[in-house]
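Everything on this sheet refers to the single structure shown next.
Chain identifiers are assigned alphabetically (A, B, ...) following the order of the sequence lines, protein sequences preceding nucleic acid strands; residue numbering begins at 1 within each chain. Just so it is clear, the model here is predicted, and its values are computed rather than measured.
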Number of protein chains: 2
Amino acid sequence: MSEIQDKYELILASSRKLIEEIGFSALTMDKVAQKAGIAKGTVYLYFKDKDDLLEKVLSSGFEKMFERIKIRVGNENGAFNKLQSLINENIRHIYENRYFFKTIFLDEVNVVFLKKKSKESYNLRRKRYTDYIADIIKSGIESGEFRKDINNSKTAYMLVALIKTGAIYNFLNGMFDLTSEMIEKDTEEILNLFMRGISVK
Amino acid sequence: MSEIQDKYELILASSRKLIEEIGFSALTMDKVAQKAGIAKGTVYLYFKDKDDLLEKVLSSGFEKMFERIKIRVGNENGAFNKLQSLINENIRHIYENRYFFKTIFLDEVNVVFLKKKSKESYNLRRKRYTDYIADIIKSGIESGEFRKDINNSKTAYMLVALIKTGAIYNFLNGMFDLTSEMIEKDTEEILNLFMRGISVK
DNA sequence: TATTATAATGACTTAATAGTCATATTTCAA
DNA sequence: TTGAAATATGACTATTAAGTCATTATAATA
């Protein structure tokens, strides 16, 4: 990896750490530079502006997660098994980056700070993920595993919301360091709710 | 209603309209004053600071919704029926204030802008609502309507997430003006998913 | 080594906006 | 009618932080 790439990654990593420590809204380019141990002007050699930097911070994590999920889900057969793996891998990713997601989910849930262009990138990423899930659900409907009367696209959004909400609930209750068994339990909990609902019969 | 209260409400309403038009992040005290047709200093006679104003904007809507829901749910018997009414009333409230929630849900999903104190109020409001729902779920577990192996508190958070996500999905697809029938359909969709899941059997 | 190209610096400029306060206007009771 | 209290005003101050760019340092090359 070249020196240039190293500095690029250094700035990204420093921004990430800072966001975990102080949140998005308190992040300034001065602080990023200080954290990275470089001058502010240097940050602007690698990122167009603050919006660009934040965009890259958000997207880099997402791409890593999505790759992991696709590999693992690709090894599974059947829509149910695919969704189980997807949920499990998504939860794992959240807990491996728990302090970052704590900020994203609890402290500043959102993308206020992003300008129009970066917001569009953000929405496109989300759509890529939900489309991927919607395809799995569709295959499950076609194979007879899932009900025919559900909207696969909307239901994909619902599943993502459930995964996220499970993490938010744990974070709100101070549960940050989940053991492997706890992650399995959380996976089952969400899978159960998503598959069977809360009703008894 | 006194003149003072009228001006207080005027500022609140103007802020609300502005948020619908330009979003939270672009909201300035100058714009609020201009929208209300008063001087900026006057805004500070009725609200301690910007944070206080935003806090009041958010809380006033929530209290109205919560009151409505409690009245309607109070008339129902059985946990299932109570949840059905709650979902329906919550969805109604979202669509009656659709442009405000569009901003909240899509454009700036969150509360970045709130300082610590107001963020706590926000979290407390959310907790009051989820606690209320958790109690209904608990009663459903005790009555045998719902499964015994679910965490009533966590599941309450899940339900709120599903309601919110349903609205987000519609907003993302440009569906803002829902007819009464569409609201009923959305209610059934969420109730179905929450009660039965997506599985066939 | 000398020269050019590339990378880095950080003081400075600029812009935005929250909050203040001396002054002006309005209200209302005596 | 009058003057004191309550309201309202908006120009002004103070702060914060993004982005720039002339200058300096480092690396590459001949």
Side-chain angles (χ1 to χ4, degrees), chain A residues 1-19 21-58 103 107-108 111-119 121, chain B residues 1-19 21-58 103 107-108 111-119 121:
Chain A
M1 200 178 280
S2 74
E3 181 63 32
I4 287 173
Q5 273 307 312
D6 278 346
K7 198 148 276 179
Y8 179 93
E9 293 297 335
L10 169 71
I11 295 167
L12 267 192
S14 304
S15 304
R16 245 186 123 74
K17 265 183 228 141
L18 260 179
I19 289 165
E21 289 166 15
I22 63 174
F24 276 102
S25 53
L27 193 86
T28 68
M29 296 303 258
D30 282 282
K31 285 178 189 163
V32 167
Q34 191 183 27
K35 188 83 177 177
I38 58 178
K40 181 157 71 160
T42 308
V43 178
Y44 284 88
L45 295 177
Y46 296 90
F47 298 91
K48 192 176 147 283
D49 52 26
K50 191 184 178 184
D51 196 51
D52 180 43
L53 171 60
L54 292 174
E55 213 311 274
K56 297 289 164 38
V57 167
L58 287 174
T103 297
D107 299 342
E108 344 225 332
V111 284
V112 165
F113 41 83
L114 292 181
K115 287 183 194 138
K116 203 169 182 188
K117 209 183 150 197
S118 301
K119 206 178 281 182
S121 311
Chain B
M1 202 178 275
S2 73
E3 181 63 33
I4 287 174
Q5 273 307 309
D6 279 348
K7 198 149 274 178
Y8 179 93
E9 295 296 335
L10 169 71
I11 295 168
L12 267 192
S14 304
S15 304
R16 245 185 122 75
K17 265 183 227 141
L18 261 179
I19 289 166
E21 288 166 18
I22 62 173
F24 275 103
S25 52
L27 193 85
T28 69
M29 295 304 257
D30 282 282
K31 285 176 188 164
V32 167
Q34 192 184 24
K35 188 85 178 175
I38 59 178
K40 181 156 72 158
T42 308
V43 177
Y44 284 89
L45 295 177
Y46 295 91
F47 298 91
K48 193 175 147 284
D49 51 27
K50 190 183 178 184
D51 196 51
D52 180 42
L53 171 60
L54 292 173
E55 212 311 273
K56 297 289 163 39
V57 168
L58 287 174
T103 297
D107 299 342
E108 342 224 331
V111 284
V112 166
F113 40 82
L114 291 180
K115 288 185 193 137
K116 204 169 182 188
K117 209 182 150 196
S118 299
K119 206 177 280 180
S121 311

_Using whole Å, what does the distance between atom P of nucleotide C:dT25 and atom CD1 of B:Ile38 come to?_
18 Å
*Looking only at side-chain N and O atoms, does B:Lys31 come under 4.0 Å of OP1 or OP2 in C:dT17?*
no
_Tell me the interatomic distance from B:Asp52, atom CG, to C:dA18, atom C1', rounded to whole angstroms._
14 Å
*Taking N and O atoms by type only, does the side chain of A:Lys40 place a donor or acceptor under 3.5 Å from a partner on the base of D:dG19?*
yes
*Could you tell me whether B:Thr42 contacts a base, only the sugar-phosphate backbone, or nothing, with contacts defined as non-hydrogen atoms closer than 4.0 Å?*
base
*Over how many whole Å does the gap from B:Lys50 atom NZ to C:dA16 atom P extend?*
14 Å
_Interatomic distance where CE belongs to A:Met29 and P belongs to D:dT16 [whole Å]_ = 19 Å
*Side chain of B:Asp49 (C-beta onward), nearest among C:dG19, D:dA8, D:dG19*: C:dG19
*Minimum heavy-atom distance B:Ile11-B:Val43, with the two atoms named*: CD1-CA, 4.0 Å
*Roughly, in whole Å, what's the span from CD1 in A:Ile11 to P in C:dA7?*
13 Å
*If you take all heavy atoms of B:Arg16 and B:Val57, which pair is closest and at what distance?*
NH1-O, 3.7 Å
_Atom of B:Ile38, atom of B:Lys7 and distance for their closest heavy-atom approach_ = CG2-CE, 4.3 Å
*Looking for any heavy atom pair under 4.0 Å, which part of the strands does B:Leu27 touch: base, sugar-phosphate only, or nothing?*
sugar-phosphate
*Figure out the CZ/C1' separation between A:Phe47 and D:dT20, and round it to whole Å.*
19 Å
_Looking at every heavy atom in both B:Ala26 and B:Lys31, which two are closest together, and how far apart are they?_
O-NZ, 3.0 Å
*Check the surroundings of atom CD in A:Glu21: do more than 12 heavy atoms from other residues, nucleotides or ligands lie under 6.0 Å from it?*
yes
*Of all the nucleotides listed (D:dA18, C:dT9, C:dT20), which has the minimum atom distance to the side chain of A:Leu45?*
C:dT9
*Is any side-chain nitrogen or oxygen of B:Tyr46 closer than 4.0 Å to OP1 or OP2 of D:dA8?*
yes
*Grab the CG-P distance between B:Asp6 and D:dA8 for me, whole Å please.*
11 Å
*Taking CG from A:Asp30 and P from C:dG10, how many angstroms apart are they, rounded to a whole number?*
12 Å
